[in-house]
Amino acid sequence: MAYYQSRPVAGRHFLQIPGPSNVPDRVLRAIDNASMDHRSADFGKMGQEILTNLPQIFATSGPVVVFPASGTGAWEAALTNTLSPGDTVLMSRTGQFAVLWEDMSRRLGLNAIMLGTDWRHGADPQAIAAELEKDKAHKIKAVCVVHCETSTGCVSRVEEIRGVMNAARHPALLIVDAISSLAAMECRHDDWGIDVTISGSQKAMMLPPGLSFNAISEKALAASKTAKLPRSYFDWQSMLEFNRTGYFPYTPAIGLLYGLNEAIKMLLEEGLDNVLARHDRFGEACRRAAAVWGLENNCVDAREYSASVTTLRTPAGHSANNLRAVIAEKFNMSLGTGLGMITDKAFRIGHLGDLNDLTLVGTLGGVEMGMALAGVPHKPGGVQAALDFLAGNARAAA
Ligand code: PLP
């Protein structure tokens with residue numbers, strides 16, 4: 001019996017939360033190797049391979065640093081390496097993760113200006129533009145945006161946000177949380193003028209939790225030379241110095257790095273464009289199913305739909321957590337819980353990382369059966385709509 005199962009159940013658990021996601025067998029096998037000497041020539045070779053290939057996933061020619069931490073550590077690294085105590089940052093409260101990041105910024109002694117949203121949209125580029133226009137003294141040192149708000153299933157239009165920053169000729173850094181968008185949705189560090197792209201291992205990178213990433217622009221690197229927030233473990237400078245030869249300043253998470261090397265290979269073998277198209281298809285199939293069921297998508301702007309997570313609202317008076325519990329009990333599938341202001345009002349279908357059309361169909365089948373068992377009012381036929389869409393898509397690709 002696997003450790004996460006409270007009772008014997010046949011078949012693999014369906015882990016359809018929006019991260020941690022399913023870890024492919026190839027990655028599991030890579031992790032399942034003896035630790036090596038992290039000062040050996042062999043480790044240096046592996047380190048260099050990883051650090052050379054990883055930037056491709058971020059669409060950057062600059063460095064990407066890897067910290068042994070969850071995504072929260074990468075948030076902290078991005079802020080502490082680029083900012084000084086009392087600096088002003090402009091953030092958008094797009095959902096629960098933006099709220100947590102805001103909280104961190106305050107604890108670090110930053111002054112966060114928060115732009116509110118209704119949690120059904122991404123960050124508003126026009127509201128950001130208005131704040132930047134007002135800021136003639138350039139007090140705002142960074143614009144921080146959560147690209148895919150994993151709690152709401154809404155995507156912020158980062159390229160447009162860069163556009164308004166350029167139009168305002170504002171020198172603030174653009175810091176983007178791509179924790180649940182990297183390798184699922186287009187996120188182009190260089191082309192979009194992002195200064196720090198933050199991500200983590202446990203989402204579309206198909207690894208267990210435990211590694212986090214900062215892709216760093218030249219401007220961000222220059223800012224790190226004068227930034228005064230205290231930092232030690234997360235200091236970019238010492239990390240970059242060691243990384244030059246493929247090593248790390250402290251004992252690296254060797255097992256996870258074996259897995260990261262393999263996951264990067266898998267993504268590059270499939271081709272990043274194909275990976276993104278696959279996620280796009282999953283998002284569309286989910287939305288088609290939801291439309292037939294009559295469940296409301298929490299994201300209300302079609303430009304901001306996520307390809308990695310779909311957040312669906314249950315009809316008023318019907319507990320989303322009860323639905324999740326029924327599905328877990330009867331069909332051995334985990335779905336994401338509603339967070340923050342949509343707790344128990346919504347559930348989240350994770351469709352990121354190592355999955356295919358049939359995984360998604362199984363997931364949607366579990367949701368449709370679960371709704372029938374939990375007495376959530378819906379119109380049957382959502383799974384059929386997804387099947388029709390996926391089959392049509394496969395036919396067109398043939
Ligand atoms: N940002 C986003 C968008 C997330 O989805 C998450 C986690 O789900 C985090 C930040 C926090 O990352 P972690 O829980 O790995 O520390």
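Values below: every heavy atom of this structure, side chains too, minus hydrogens, waters and symmetry copies. For ligands, and for the atoms within them, numbers begin at 1 and follow the listed sequence.
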Look only at interatomic distance and state if Val146 has a nitrogen or oxygen under 3.5 Å from any nitrogen or oxygen of ligand 1.
no
Within the 4.0 Å heavy-atom shell around Lys203, which atoms of ligand 1 are there?
5 (O), 7 (C), 8 (O)
Between Arg303 and Asp301, is there a side-chain N and carboxylate O pair less than 4.0 Å apart?
yes
Could you pull out, from Leu100, Leu339, Asp177, Val309, the option with a heavy atom nearest to atom 2 (C) of ligand 1?
Asp177
Is there a polar contact between ligand 1 and Ser180, counting only N or O atoms under 3.5 Å apart?
no
Following the transitive rule for hydrophobic clusters with a side-chain heavy-atom cut-off under 4.5 Å over Ile, Leu, Val, Met, Phe, Trp and Tyr, establish whether Trp101 and Val196 coincide in one cluster.
yes
Among the heavy atoms of Gln202, does any lie under 4.0 Å from an atom of ligand 1?
yes
Give the atom numbers and elements of ligand 1 that come within less than 4.0 Å of a heavy atom of Gly71.
12 (O), 13 (P), 15 (O), 16 (O)
Between Phe67 and Phe213 (judged by ring centroids, cut-off 6.0 Å), do the two rings come close enough to count as a pair?
no
Please check if the number of heavy atoms outside Lys345 that lie under 6.0 Å from its NZ is greater than 12.
no
Heavy-atom contact check, 4.0 Å cutoff: does Trp75 meet ligand 1?
yes
Considering only heavy atoms, does Thr72 approach ligand 1 within less than 4.0 Å through its side chain, its backbone, both, or neither?
both
Decide if the gap between the ring center of His138 and the ring center of His170 is smaller than 6.0 angstrom.
yes
Pull out every atom of ligand 1 sitting under 4.0 Å from any heavy atom of Cys148, numbered as shown with elements.
3 (C)
Subset of ligand 1 atoms that lie under 4.0 Å from at least one heavy atom of Thr150:
2 (C), 3 (C), 4 (C), 5 (O)
Ignoring hydrogens and geometry beyond distance, is a side-chain donor-acceptor pair present between Asn356 and Thr359 at under 3.5 Å?
yes
Give the atom numbers and elements of ligand 1 that come within less than 4.0 Å of a heavy atom of Ser70.
13 (P), 15 (O), 16 (O)
Same cluster or not: are Ile342 and Leu312 linked, directly or through other Ile, Leu, Val, Met, Phe, Trp or Tyr residues, by side-chain heavy atoms under 4.5 angstrom apart?
no
